[in-house]
Amino acid sequence: MRHLALLPTAALVLLLGACGAPSPSPSAEAVIDSARAAHGAPVLDRALVTFTFRGDAYRLRQDGGTFHYRRAHTDSLGRPVVEGLTNDGPYRVVEGDTVTLSPSGQSAVETTVNSVAYFTLLPAPLDDPAVQPSYSGRDTIGGVPYYRVRVTFRQEGGGADWEDVFVYWFRTDTYAMDYLAYAYGQGPDEEAGTRFRAAYNVRRRGGVRVADYHNYTADTLTTGQMAQYPDLLEEGALERVSEVEVDSVQVCPL
């Protein structure tokens, strides 16, 4: 075996210089900051976003630290219903009358309205204080390199689903969020599962990047295995369960 200590000094310097030091990994926070900027998140700090999702009309208003997310739809009895979430909590209005919500009703409204808002506005919500990001490596998907960032949430401020786990893939050149995976039902007595979304129909509205998603699953993957989703996608081994499409999107700065 040949030891480096036996090489002439000049040769050793050249050898080490040729190898070079490995490029340092970026911090998760730096990747998220760049992705939020690339997607137009600063616009959303003070803006009104409207769109239709699966037949329901959504109105998301953010003004600094104040927010009001609203969903308008028709219930099974044909009555017009408005459900919303503000800094003060959830509410429901049926045929113009505000109704009292039970704790389970409050949770249902919050989960439904907030989850649609969260996924639609991503990656903007990733600056929330409850977010706990960690850089978990690089992947190549379809020949394109991506940073992989894993996100968990603090219980305080993390909402009813604070135990959910997300993985995001951001392009290393443009910081576009083209893929994400998430594990839901991580709390006790909940039905757990994972999903993987791939963006398509990407467009800009009012300076904000908007996308629809193919929604996939793989029954064999656990929370800790979600990083395998891109490989399974390229192998054609995923089951497409739905399309996540937001229609008639408008972004109006306040």
Is [X] reaching over with its side chain to a backbone N or O of [Y], donor-acceptor style, under 3.5 angstrom?
X: T111; Y: A108; answer: no
X: R36; Y: A124; answer: yes
X: R154; Y: P129; answer: yes

Quick check for you: to the nearest 0.5 Å, what is the distance between [X] atom [atom1] and [Y] atom [atom2]?
X: D127; Y: D45; atom1: CG; atom2: CG; value: 7.0 Å
X: L126; Y: I32; atom1: CG; atom2: CD1; value: 5.0 Å
X: R204; Y: H39; atom1: CZ; atom2: NE2; value: 7.5 Å
X: Y182; Y: T223; atom1: OH; atom2: OG1; value: 12.5 Å
X: S34; Y: E29; atom1: OG; atom2: CD; value: 11.5 Å
X: N215; Y: E239; atom1: CG; atom2: CD; value: 10.5 Å

Quick check: do [X] and [Y] have side-chain heavy atoms less than 4.5 Å from each other?
X: T86; Y: R70; value: no
X: R59; Y: L48; value: yes
X: V244; Y: D212; value: no
X: T50; Y: V249; value: no
X: V151; Y: V165; value: no
X: P26; Y: Y135; value: yes
X: L60; Y: L121; value: yes
X: C252; Y: R205; value: no

Parallel, tilted or perpendicular: rings of F196 and Y216 (30°, 60°): tilted
Parallel, tilted or perpendicular: ring planes of F67 versus Y69, cut at 30 and 60 degrees: tilted
Test side chain to side chain donor-acceptor pair (under 3.5 Å) applied to Y229 and T194, step by step: CA-CA 10 Å; Y229 261 121; T194 65; 2.7 Å; yes
From CA spacing to verdict: side-chain contact (heavy atoms from CB on, under 4.5 Å), W169, D178: CA-CA 6 Å; W169 284 266; D178 290 336; over 6 Å; no
Does a donor on one side chain sit under 3.5 Å from an acceptor on the other, for [X] and [Y]?
X: T217; Y: R195; value: yes
X: S107; Y: E110; value: no
X: Q132; Y: T152; value: yes

Selection residues 241-254 - residue pairs positive for salt bridge (Lys or Arg N to Asp or Glu O under 4.0 Å), sequence neighbours left out: R240-E243
Test side-chain contact (heavy atoms from CB on, under 4.5 Å) applied to T120 - qualifying residues, sequence neighbours left out: F51, V116, V246
Test side-chain contact (heavy atoms from CB on, under 4.5 Å) applied to Q228 and L221, step by step: CA-CA 8 Å; Q228 298 177 23; L221 287 191; 3.6 Å; yes
is_close_aromatic(Y146, F170), centroid dist under 6.0 Å: no
Pair Y213 and Y200, ring centroids less than 6.0 Å apart: no
Full working for side-chain contact (heavy atoms from CB on, under 4.5 Å) between N87 and T66: CA-CA 7 Å; N87 297 78; T66 303; 3.7 Å; yes
Evaluation steps, side-chain contact (heavy atoms from CB on, under 4.5 Å), between Y179 and Y168: CA-CA 6 Å; Y179 304 94; Y168 301 95; over 6 Å; no
Cationic N near anionic O, under 4.0 Å, E83 to R92: yes
CA sep, side-chain torsions, deciding dist, call: F53, H73, ring pair (Phe, Tyr, Trp, His ring centres under 6.0 Å): CA-CA 10 Å; F53 176 65; H73 65 105; over 10 Å; no
R197 to F119, cation-pi by 6.0 Å centre distance and 45° axis angle: yes
